[in-house]
Every structure is written in C-alpha cells, then in structure tokens.
Amino acid sequence: MKAKLALLLAAVLGCSLVLSGCWNSRELNELAIVSGIGLDSLDGKQGYRVTFQIINPSSSAQTTGSASNQPPIIVVSATDRTIFGALRKASRRATRQLFFAHTQLVLIGESLAEKGITSVFDIFERSHELRLNSAVLVSKGTDAASVLKLLTTLESMPSMGLLKKMQNTSRVWGENRKVTVFEVINGITGESDFTVNGVEIVGDAAEGEKKSSLEQSDPMVGSLMSGLGVFKEGKLIGWLNGPQSRGTQWVLDKINETSINIDSPDMEEDIAVNIFYSKTRVKVELQEGKPVFHVHISEEGIINETGGFVDLSKEDELQELQKEMAEKTAAEVRQAVKAAQDMKTDIFNFGNELKRIHPQSWETVKEDWSAAFAEGELDLKVDAYIRSTGMRLKPYIPAKK
Amino acid sequence: MRKEVIGPFQLFAMIVLFELGTAVVVPIGLESGHAVWISILLALPGGILLYLVYAYLYRQFPDLVISGYTRKILGKWIGWPLSLLYLPVLTYNGSRNLREAGDLLISSSYDRTPIFIINSIMVIAVMYILYQGIEVFSRTAEIYFWLIVFMGMIANFVVIIAGLVQFKNLFPIHPGEWVEALKSAYPNIWIFPYGELVCFTAILPHFNSKNKIRKTGAGAIALSSILLSFTHAVEMSVLGEDIYSRTTFPMFTTITLVNVANFLQRLDALVILTLIIGVFFKMSIYCYAAVSIAADLFHVKEPRRLVIPVGSVVLYSSFVSAENFPLHMNDGKVFLENILPLLCAVIPVLLFVVHHIRRRFGWYR
C-alpha cells in the first residue's frame, strides 16, 4: 500500500516537473507566420492600420507547381490605437495566432511617416518575438498595405523579395542600405537625425495583388527601391534621390560597391568605374563656434568599360582619371550635404560624433544643433585609386583624330 | 560521518560561476554610462581585498562558518544576534536571484508560464543538489564552469564576427567619466557582485588546502571580473548607451541582433542557458550559506534537514517580495545601497579589526 502510494506520488511529481515545460507550447500548425508588417496612419484619427503579410504554408513550398493555386501570402489588416491592439484585433480575420519571430520587414506608409514614427517602435523593443534587426522601409507615394500586397517574381515571399532587393542594391549600387529597427531607434534617441530606405510601386498597385500579374515576362507591377527618406525629429520631411542619396551613403561609410561614370578626354561620362572599396573617416569639431565636418574618403575602383579611346597603359592618363573619379565622388557628397543642410537635418551622425569626441563643444551648440549644422562647413578630401583596368589595357576603339 | 571536502579548482569554478551568476546578464553600474566595463575593473582590487579579509578570517578559524567565529570574536551576546542577521539577508538575496531569473525567462521566452512554475522547478533543482551535499555541488560546478566558458566564448565570438561591435560606443572616455566610473564602482559594483562573496565564508570550511586559499580565490575573482568586464563591454558596444540603459536583459537583446551570413541567428537559447546556469549556482550558494549558518546558530546536527525549509522560504519570498519587476528592481537598489554593505563589508571588516585587537592584547581566553 505504502509502496503504491509512493509510486503514485513520484509519478505525479515527475509528470508535473516534466509537463510544466509544455506550458508555453505553441505548435507550428497553429501559428500564422508573419513575414512583414505594414503600418499606415488613419485619416484624421490617432492610431494605426496595421497590415500583416502572412506566409501561406500550403503554397509557399519550395517545390514548383504546388497543388494549391492560392497566392504564397495572405494579407490581413486591422486598425487600432496601438499596434499591439491591432495585432490582437487581427485575430478576427486570421484563423491562427500571429507569430512574429520571423518578421523580416516593417513597412511604414508615407502618410504615417510624415505624421511621425517616434512612438511606433516601442513594441519592437518590448516584445520578445519581434526582432530589432528586421528591416524598415518607407513606402513612397503610397500606403504600406499596397506594397505588402504586391506579389513578386523570382522570390515567392514578397517580404523576402523586398529584403533581398534592398540588400542586393545596397551591395552593388549603394543608393540604399538596409536600415534596421535597431538603427531607427538609435537614430531617434541620438542627437542626429536619420534616413530610411524608400520603396515605390511602379505600375498599377491593384493589378499587383493578383497572381495573374506574374504570368507575363514583363510583370505589370513591381516595387523599386527608391532613395532615402529623411527624418527630422521622427517625421519624414523629404526624400534624397540618386546622387544625393549615394552621397549620403558615402558620408555614412555605407558604400560597399558602386559604379560611377567619369569623363574620358573626348566625351562626358563614358568610362564606368566599379568602386569595390570605399572607406570614410569623419571628424567633427567646432572652429570659432561653427561646426566643421572633416570627411575623408578613400576609394578604389576598376575600370570596367570605356566608351572612347583612353590610353590606359599610360600613368598620366590614369592619374587624370583618378582625379576625375575623386571629383565625381566629391560632387555627389557635396550635393548630399547641401541637400541636408537645406533641410536643416543632420542625417550624417555629425551631432553624435561631436558629442562623443568633444562633449564640451557639444554643450555650446546642442540647443540649436540643426541651425548650427546648416551653417557648418564641409572639409572634404577624396583619395581615389584605380587598381585595375580589367582584361585589356588600351580599348579597341580608335582614337579620335 | 566523513567531512565533505572541496579542492582548489572546484572552489575556483564555484567562485567564477557565482560571480558571473546574474551579473553577466543584468545591466550593472548604470551610473557610469558607457564606461561600465571600466567600473567593473576598477572595483576588482576592492573585491580582492574584501575576499582576503574573508580568507584571513577563515585561516584563523578553519573549521567555523561566519556565525561561528563571529560568536568567538565578539562574544556570544553580540555575535549570535549579529550573525542571525545573515539568515534573512542571504535568503532574501537568493530569492532575488530567483525572481530575476524567473522574470527574465518570462519576458524573454516563457510568456505564458506562471512564475510560480518556473521558480519552483529551479528551486527543486537547487534543493536536490544541496541535499546531495556540497561535494556533489562542487563537482557539478567544475563541469558547468567549462560549459559556461565555452558558451560565453561562442556567444562573444558570434557577436564579434557578426560585425556588431562598434568601438565608438566605448571610446573615448572623458575625464569626467572616469570619476563617474569610480563612483559606480564603489560601493555599488564592489558590493554586487564582489561583496556577495561573503557567502563563501560558509563554504570555505570545507576547503581542503588551506594554503592555496588566497591564490585560488583572488585568481577566480580576477578571471570573473575580466569576463564580466569583457561581456559588458561587448554588450555596450553593440547596443549603445541608450538601449543598454533601458533594457532589462542586455545580453539577450545583444544576441538577438546576431545574424551571420543569414544562417547563424537566433542564438537566444545560449543566453537563456547562461542565465539559468548562473542563477542556479548563485542561488544554490546563497541557500547553502543560509543552511549552514542556520545549522550553526541553532545547533542542528544534520544541516541537510534545513535544505527544504530554506528552499521553500526562498521560493515563497521570490514572488511575494515585490509586486512587479520594476518594483523588484527598485527594492534591489535600496537593498544594495543600505543593507548589503553592512553584511558584506562592515561586519567582516569589524571582525577582522576586533580579532586583531583581541589577539594583540591577548584578550582571548
């Protein structure tokens, strides 16, 4: 009797020890994996319209020609004053509980960005499911929901597609970069302002939601990484495009690889140089109460294409081209700094840098840093090197007589 | 009954695990901003000096725990009530560790499990190992020491190769910040985690090579201080001062940012394991110290019989001591500033001084 009782007790204790580990169990087939979140503002009301891009497991399998004809994603949205409220409210439309640990992307609608995004990211810090390294994008000229609804070619997961597009272009072209939630939070709390990648829709957004839009070789609709949105005090105040946004990246030392066209002796911009290394050093100091930004860029490139005759075997010619390359780079950087100064927005972390190195000088200008920044002087130095000319020295193109 | 003994490396491992315990996962020394890693190193000499005081007292009374020699030195009438003070403080501090672990586990992954379940599972493990005795416990520490070192190396390594470390978050350190760093080093970091080693006064009587006591302890403290400082420097350099100062669990936040080549990511489990292992050892040592001091004060022949009561008290007070985590942290601050210094530093130093005086004038009968 006693032995039986002891056995029973042991079993009960053992079970309660082992089974209490299952308290938090959530099975895979009861989760709806959210791959992207879109945030839009509501017209005239406080609060958010939150859109979730949910992976549809039955049609996102790797095998081609999967049985189901459903699109690879399902989009669900809900509105509430808070983001968390909205994501709980979305349960009225979703059959499974939303699961956020695999969220790759946070899209912010342009109108919300203009209203201000300062309070948006708290949930990303506080929640243990949402990750701080999900990428942030601002949809340009449209709302976040329509970007999330777009289906993509090549990548079956649209969020993955956007993310890869962003990483790809930042790796080889350099006008954009992957901005994470973590960086945005640091931008909001820091002394400087910040920039966020933009994405725009080319074509008819409504068409892009249909699977049929993918059934032609030139998809009718697509998304395009487009410029950097400039945020001042958490509000979107303008966009930097083309050379301005690449110049910004240059100052921030975020250029990985890019290509610039430089002038040959006979023609403008007909030599393509692939810059494969670039390093930027920034020093900020106050001279007579006025900030001076010392920016020193070192870059190395390969000549990948010439449109006219240049004798690349001659040192003088190469020196000339290197000078040209440095000038083109400097021009882009100057454009970027000028654009930022016109907007009175320090997107280059100069404020943080000044505070870090010269805290005493910082004290004197911190009251009105935006104005001081706009008055600041740029001391730019670019060292450009051409390391190689590819498989040929002289081009086959004959020299002009 | 044979006396239980522990060897030098076992003691070394126990001290390192105890020091790392919770200090490696929670933010410490917030007053010093980004110079926290310097504060930790600045507090090291003080920590070693304090340990040498404990070691000296042990060498004078090799068979007694702290309550024993307190009574010898200060006399029964002052010594007994004074050492009684250690009981609530040790159990409360043990329960604080448990509470922290439980809360961090809940907020980082077990969001739907009641804290009672998490804490009681941990307490059951602690009670079990203490019931087995200090020898078993020290052998466990020996194994887990390597595990912790190994995991720490992996975690730091991936954070570094993921390119997350930004030295600009650590440097430069301006003159004013050195002063701040010193202020947060003494007394706060000096007491937590170094001063907490007062628990080891209950473990030292089992140590088997009296002559190695100083070297072993000082070495272990120095190693743990370097590991702590390095880990906190990495966390600070990854997160930046702002996020580091707001997060409840900086190590967890740091590791979630890791993404090496899109495949080495979500290493949260490493941090959770570090937390659980660290807290397990720290709490066990607190409980053990409470058990042996209680056994000594109340003349309990078999200290083992006190393990279950002490464990239950620790479990109970872990969730009734504070309503919520912010309150718990505030309590901790008051506790650290007002109560712990008395027991960790003032009483041992007092004992040291009184013992010297009494010996000098031959006032021992």
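All heavy atoms count here, side chains included; hydrogens, waters and symmetry mates do not.
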Within 6.0 Å of NZ in A:K283, more than 12 heavy atoms from elsewhere: no
A:E353/B:K168 salt bridge by N-O under 4.0 Å criterion: no
Residues, nucleotides or ligands: over 12 heavy atoms within 6.0 Å of A:F276 CZ: yes
Beyond-backbone contact of B:I243 with A:N186, side-chain heavy atoms, under 4.5 angstrom: yes
Side chain / backbone / both / neither for B:I118 at chain A, heavy atoms under 4.5 Å: neither
Exceeds 12 heavy-atom contacts within 6.0 angstrom, atom NZ of A:K355: no
Interchain contact, B:D268 with chain A, by part (heavy-atom threshold 4.5 Å): side chain
Evaluation steps, side-chain contact (heavy atoms from CB on, under 4.5 Å), between B:T253 and A:L132: CA-CA 8 Å; B:T253 312; A:L132 283 177; 3.7 Å; yes
Side chain / backbone / both / neither for B:T256 at chain A, heavy atoms under 4.5 Å: both
Reported CD1-to-CH2 distance for the pair B:I117 and A:W23, which is rounded to 0.5 angstrom: 4.0 Å
Side chain proximity check, B:N259 to A:R131, heavy atoms < 4.5 angstrom: no
Non-hydrogen side-chain atoms of B:T247 and A:E125 separated by less than 4.5 Å: no
Rounded distance [0.5 Å steps], CD in A:E129 versus OG in B:S109: 11.0 Å
Spacing of B:T248 atom OG1 and A:R126 atom CZ [to the nearest 0.5 Å]: 9.0 Å
Crowding at CZ, A:F293 (>12 non-hydrogen neighbours, <6.0 Å): yes
B:H174 (side chain) donor-acceptor with A:R356 (main chain) under 3.5 angstrom: yes
Check: A:N133 side chain, B:L257 main-chain N or O, donor-acceptor pair, under 3.5 Å: yes
Heavy-atom neighbours of A:L8 CG exceed 12 at 6.0 Å: yes
Enclosure of A:E363 CD (heavy-atom neighbours >12, cutoff 6.0 Å): yes
B:Y110 atom OH, over 12 foreign heavy atoms within 6.0 Å: no
